[in-house]
Every structure is written in C-alpha cells, then in structure tokens.
Amino acid sequence: MSDSLAAGVLALSLAVVAGGLEGGWALARVDDAASALEGTSMSACEFVVRSDCTSGQSGWLCRAEVVMGDGGRAKVWLALPDRVEFGSTVTGVGRFSENGDDDWGRTSRSQGLCGKVRMIRVSEVVPATGLEGVLTSLRSWALRAIDPSSGDGRALMAGLVAGSRADLKERGLDDAFASVGLSHLIAVSGAHLAVMAGSVETLLGLAGVGLRVRALTVLASSAAYVVFCACPSSAVRAWVMLLAARCGRLLGRRSHSPSGVAVACLAMCALDPYCSCDLGFRLSVSSVIALALFGSYADALLARFSLVPLLRKGGIRVPYRLRRRGSALLCSLRSAIAVSLVCQLATAGTCAMTFGRLSLVSTLANVLIGPLFTPLVSLGLAGVASSWVPFLGSLILGLDATLCEIVIRLVRGLGKLPLACIPVCLLPWAEYAPLVAMAVVLVVWPKPSRRALLGTVSAATVIVGTYILLTCVLVGPSVTILDVGQGDAILIRQGPHAILVDCGLEGSLSSALARNHVYHLDAVVITHLHDDHYGGLDDLVGLIGVDAVYVGEGASGNLPDGLEGSVHNLTGAAPGEISEGDALRLGSYSMRCVWPRGPTDGSENEDSLCFVLSYDGDGRSLEMLLTGDAEQEQLEEYQNNVGDIDVLKVGHHGSRVSISLDQALALRPEFAVASAGKGNSYGHPTLECIETLESAGATFLCTIEHGDVRVEPAPASASPRVVCQR
C-alpha cells in the first residue's frame, strides 16, 4: 500500500470516528435539552422563530430556538395560532411535548429538534432587530409588493424571489412542482445565489470596482440574500461553497467543485452537526457532488447520440451553415439534459425514500422550464427593487407574474401526462443505489460505443414497458384491503382502471399504492369524515391522477378545510355526492350504495357509506359488502338489501358491536376481512367480533397479521381466491 493511500485510509477512518463521536454528542444534547424543557415553564421562555411558518390543520408551524430563563437554549417545533415573521421573538403560554417514538419524532431528533411547543396563548411578538431586522423588514416589504395571495403566478414569484412558500403550499403548487421534479426551482439554493452574485458582479465590473472589493461585496450581498430568504439550508450550503470558491480565487487557487463541496460540508457540519440530516442539505450536496463527478461523463454519453452521423449513414447531407447554427443549440440542449439526468439520478433514491414518489418527466420538465428560471428570478428581483417607482415596478412585476402563470400551466400540463409521477416503495439500501450504479458505469464503461448505448437504451425501454404493461394494464379484477394501519383503504381494480374506497391516515397511502402498482385512480370514495378514512387523500396530491372524489349525500357541505383543499387540488372541482340506490361502475364491477338513507353530515360512524360490490364477467363472480365504520345497528336496517355475500369487509375495524351472530349467519360470508393497526389502543379487532364471524363459518383475516389482503373473483361454483401479503 502506498504512503498516500495509507494516509487517505487513515484520514477517512479518523473522520468516521470523529463523526460518530460528534453525532452521539449532538443527540445527547437533544435529549438533555428535552429533559430541561420538561421541567421548565414555557411562559418563562422566549422563542426565536428560525424558519418560515407553514399552515396546518391547527394553525401555523415553524422551527424555533428556545431561550430558557437560565440561559439554556434548544431547538423545537413551534405551533402558533397566527403566522409570525422569520426572526421574531415570541413569548406566551404553551405546552411542551418531547419527540415520540415514530418517524416524525426520530427525524426531528436527528435534526436537533427536541420536541414541539404548542402556544396556547401568545403574549407578545417582537420583530427581529439589527441587520436581521432590516433584512426581514425588507422581505416583508418585498412580499407586500409581490402580493402572493392574489394569484398563482404571484405565489410562485414569492417563492422564487424571497423563498416564501406558504402561499405555494396553500394553493397546492408545491405538490405540482414536486410531481414533475422541479422542487429545486422553488427552493432557494445555489442557482438563486448565482443569479444574485452574477448581477452584483456585473454591476460592480461596469463600475470599475477592483477584484478584491468585488469579491467581498458579492459575498456580503449573497449572505444578506440568504438571510432575506429565511436561511434555508440549501442556500446556506451554496453560500459557504461560494465563500470557499471566492477565497480560493483570491489566493490564486483554481476552482474545484468537489473540494468546494467538501469544504462547505465540513464547515456546516462542524458548526451544526444536525444539518447532515436536513433533507434540503442532503439533496443539494448530492446534486452538486454528482454533477462534479458525473456531469461531463453524462454529457459525453449524450453526445454519442448525435443525429449527424446517422443522417450521413442514411445518405442525407446536412448543409454546413445549418449544422453550424444548430450545433450551439444542440450542445446547450444536451448539457441541460445531462445536468437534469445526473441530478435526478443522484437524488432519486433519497426523494423516493422520503416522499414515496418518483417523477418520470423530470428531465423533460427541466429542459422545458429550467431555462426560464434565470429570467423569472431576475425580473422578480428587478420588479421588487423598482416597486417604489410608479408604473415601472408594477409593470415588471406584472410581466414576471404572467411568465410565472405560464410556467405553472406548463407544470400542471406535464403533471397530467400518463405516469408523470408514480408512487414507489423502496428498501433502505436503495437510497444509495443510483450513485453506486453511476460510479460502476463510469469505471466499467468509460467509453461506450454508439451501438452499445442504443442497444442498452432499447433493452431498458422494452423491459420497463413490459413491466408497466404487466403491472398496470394487463391486471385481472381484484379487491384489495390495503394495510394502512388504523384506517380503511380498499382498492378495486380491473385492468388499468381503479376505484379507492377510503384513504387511511395521512402518510400511509402512497406506499400501499406503490406496492400494488397503482398510478391512476378513476375515483376515490370517502365513506365518512373521520381522518382515518380521508386523511391519506392529501398524499395523492401531486402523486397520481384522480378523476373524481365522492362523499355521502349532504357531507360535501361539512368537509374539513384540509380535505376540501385536497379535493380541489386533485380534481379542480367539488366532490360528488352518493346516496342510497346510486351505483358506481368500473368495468364488470358494480358498487351499489345501500346506506345511509337520506342526507347526513358524514361526521359519525353511522353515517358511513355502505356498498354491495358485485362482479360478473368472464365466467367469474364476486359479492362483497363494504361497510366503512357502520356497525350492527346500521346493518340491521339495510341487511335485506344485501343478500348472500362471499366476502365481508368488517365494519369499524372489527369492533365489539360491528356485527351480530344472526347477521353473520344471514350474510354467510366465506371470508371476513378487518383493517386495523398494530398495537392500536382500541383493541381492534376484538375477540368478540372474531369469534362471531368464525362461528358463522367465515375465515377471519386482518391487515395487522396478513398485510394487504387481495380478493379475486372466482367461477360460480368456487370460493373467491384470497391472497395475503404476509
């Protein structure tokens, strides 16, 4: 082993050990801070807001730094009744709760947040002071000039220029951009600083300012812009890289992106070890590293697909003048595609693991919309800067808003393309698989021939197309009770068409749809307005297409705000209503509503829509009863309209009074399936329910033990085929 290699291995080993020790120390600090806050009155603390507030079902949520009475400090989530500005200091009466042992709690702990403080009453909000106060005041002034609440274009402009994403989220635009792989355009990062730094440097160069003063001015103005945008981690990382590059240039060192990334990451992790777990930081760093390592290689690979040699082989001569004029355009287009592909591959695993989705139109979206980014940001900054000038500022801002509206239309159009975004469910190791694959290809295949590339791309296209055909189009009829924890979600499929009855809890649905290869829904039916039946609807926004949403008769006027917004973002319209006697059809399936009788507000279990689901086609049949959370008292009312069934979806997760023995004997189901979450506090499914159904001759199944339960129609003389995930 050479001395340099041995030194490298030693340095890497020491770095790993040091990182582990620092990480353990950092997590211990979080636990100590949580213990300190448990014994501290929140009214004796001050909360300094360190991020923009985002709207939720119960107010506004932001990150905050707690300053305790004894001088101790900690980071928490802060829930507020009203929105406050970045940098403000909040005092009042609140309640602290430490992180739970769930995904949210573990993620918060890894980011240095020791819990959540819910402010019951806010006594005082003091705006930021000093330079930070000046910058936040400028930001408030800029946002007033932009007026993001007045339209989609203005909301996008606020995100692009000032990093304010609250209005984007309220309008569902953040999901629209995420579904086509353009989230990086509305997150302040290196591209924004490049526009800012380039503009400042150009102006200083025209004024004849020297190199050193110019570099210091660019760094100072860029730092001010990062604070102006509420200090997102991706922008902080980009500024540290800019600092490293400028210092290197002043010292006569050549620019080297991998070294800049390394310096930026080491500096940020040394100052704040929790930033390594921040998603924006990880995605930003992964993209820059991948571009530095694989960008040129990807560009060279795409250059081998040049059309000129193929045209020559076909006997077609391209005029020199046309070839020359088109060369620059083709090179620019090729570079844009290469950059998009490399960044998408580098971040695909992390995005898929975090959001449960993968955009398949990301490259197309970046090629079409990416070139508009610099003009949009530049016009927005110019419009804000000149907003005090009569007519001029309004003209520039109006022009930028119009361009933003065009971009939004393009984004929404791309999002409606078939398979634009698909739900995915990956194993943990898959997060790093794309980067490893890129490295292997670079080493094993440094200079592939055009024929080999075309053959590889063609083979991959055939394999992917066949997979999609088999899993999405040539799909037999089935009904699947999805494992979504303590909630209900029932998937009815035939070929490429599907209906979803209920959506489970928020955060539980995307992985269930991914493992069942569902990329479009003809309709979603919400049986009643409890969050374990509608909560997951928001997971579908920006994930897959939904043609229509239905609720019970009378329930559309009682929708919670979050549900109403999700329905509008999915379909662009209000939900339809279903009443007794109505039927939905899907291929050879018929869903006939048998309960409730008359309008309800949908707020109670007894208001649940109940359906007799029938299949009759290709010599097979199936009769199934879907009951939502309705129990034996409601079943007694509509039982005569049901008849003999093959499968019962057990009401109310298998509660003690979900069904009586007489009712079970009358329905005579061969299988009974309950949907419940492991370790739920209700004891669902109850032993009484299980014994009742088994006494009536039914085979009882529950998603707790069996995962997804799929039921397939069978010939008239045979029992339905049941397949369990576990």
Side-chain angles (χ1 to χ4, degrees), residues 57 169-173 175-176 179 357 412 415-416 420-421 423 479-480 482 484 487-494 496-510 512-513 516 518-587 589-593 595-596 599-603 607-611 613 626-629 649 675:
Q57 294 183 353
K169 183 177 179 181
E170 287 183 11
R171 295 171 178 273
L173 293 175
D175 287 312
S179 68
R357 67 178 67 182
R412 285 176 169 159
K416 292 179 180 179
C421 183
V479 181
T480 306
L482 300 174
V484 290
D488 268 14
I490 302 161
L491 178 67
I492 304 160
R493 299 187 73 182
Q494 185 176 6
H497 302 287
I499 290 177
L500 185 68
V501 180
D502 286 330
C503 305
L505 289 163
E506 184 177 3
S508 63
L509 186 59
S510 60
L513 295 178
N516 285 277
V518 178
Y519 307 129
H520 182 269
L521 291 169
D522 294 69
V524 174
V525 179
I526 306 297
T527 58
H528 63 298
L529 304 181
H530 285 178
D531 62 356
D532 59 331
H533 291 253
Y534 75 77
L537 189 70
D538 191 54
D539 296 351
L540 302 179
V541 179
L543 179 64
I544 63 175
V546 176
D547 293 340
V549 176
Y550 296 97
V551 296
E553 183 184 8
S556 60
N558 191 40
L559 300 183
D561 290 339
L563 177 57
E564 187 173 9
S566 297
V567 173
H568 185 269
N569 289 333
L570 278 170
T571 65
E577 292 191 344
I578 295 176
S579 58
E580 183 188 18
D582 291 341
L584 296 178
R585 299 193 179 277
L586 183 81
Y589 279 107
S590 172
M591 278 179 57
R592 178 170 56 90
C593 181
W595 183 264
T600 69
D601 63 6
S603 62
D607 299 335
S608 294
L609 290 170
C610 300
F611 297 93
L613 177 65
L626 311 180
T627 57
D629 272 355
K649 204 296 293 181
S675 177

request  = Go through the steps to decide whether D522 and H497 satisfy the test side-chain hydrogen bond (donor to acceptor under 3.5 Å, both in side chains), and finish with yes or no.
outcome  = CA-CA 6 Å; D522 294 69; H497 302 287; 3.1 Å; yes

Set of residues satisfying side chain to side chain contact (heavy atoms under 4.5 Å, CB included) with respect to [X], sequence neighbours excluded:
{"X": "P423", "answer": "L513, A514, Y519, L543, I544"}
{"X": "P496", "answer": "none"}
{"X": "L505", "answer": "S508, D531, D532"}
{"X": "A548", "answer": "Y550"}

Side chain proximity check, [X] to [Y], heavy atoms < 4.5 angstrom:
{"X": "V524", "Y": "V567", "answer": "no"}
{"X": "V525", "Y": "H533", "answer": "no"}
{"X": "E506", "Y": "D539", "answer": "yes"}
{"X": "R493", "Y": "T480", "answer": "no"}

ask   = Who passes ring pair (Phe, Tyr, Trp, His ring centres under 6.0 Å) against Y589, sequence neighbours left out?
value = Y615

key: Closest non-hydrogen atom pair between M591 and I499, with its separation   = SD-CG2, 4.2 Å

request  = Please report the closest heavy-atom contact between S566 and V541, naming both atoms and the distance.
outcome  =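 Taking every non-hydrogen atom into account, O-CG2, 4.0 Å.
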
With sequence neighbours left out, write down each residue that passes side-chain hydrogen bond (donor to acceptor under 3.5 Å, both in side chains) with [X], or none if nothing qualifies.
{"X": "S675", "value": "none"}
{"X": "N516", "value": "D708"}
{"X": "R171", "value": "D152"}
{"X": "H568", "value": "none"}

key: Test salt bridge (Lys or Arg N to Asp or Glu O under 4.0 Å) applied to D488 - qualifying residues, sequence neighbours left out   =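 So D488 forms a salt bridge (Lys or Arg N to Asp or Glu O under 4.0 Å) with K649.
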
ask   = Does the side chain of T527 come under 3.5 Å of the side chain of D502 through a donor N or O and an acceptor N or O?
value =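 A donor-acceptor contact under 3.5 Å links the two side chains.
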
query = If you measure from CG on L521 to CG on L491, what distance do you get to the nearest 0.5 Å?
reply =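 Atom-to-atom, L521:CG and L491:CG are 7.0 Å apart.
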
ask   = Counting N and O atoms only, with roles assigned by atom type, does the side chain of H530 sit under 3.5 Å from a partner on the main chain of S603, one being a donor and the other an acceptor?
value =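 Yes, H530 side chain to S603 backbone: donor-acceptor pair under 3.5 Å.
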
key: salt bridge (charged side-chain N to carboxylate O under 4.0 Å, His left out) contacts in which one or both residues fall within residues 569-587, not counting sequence neighbours   = E580-R597

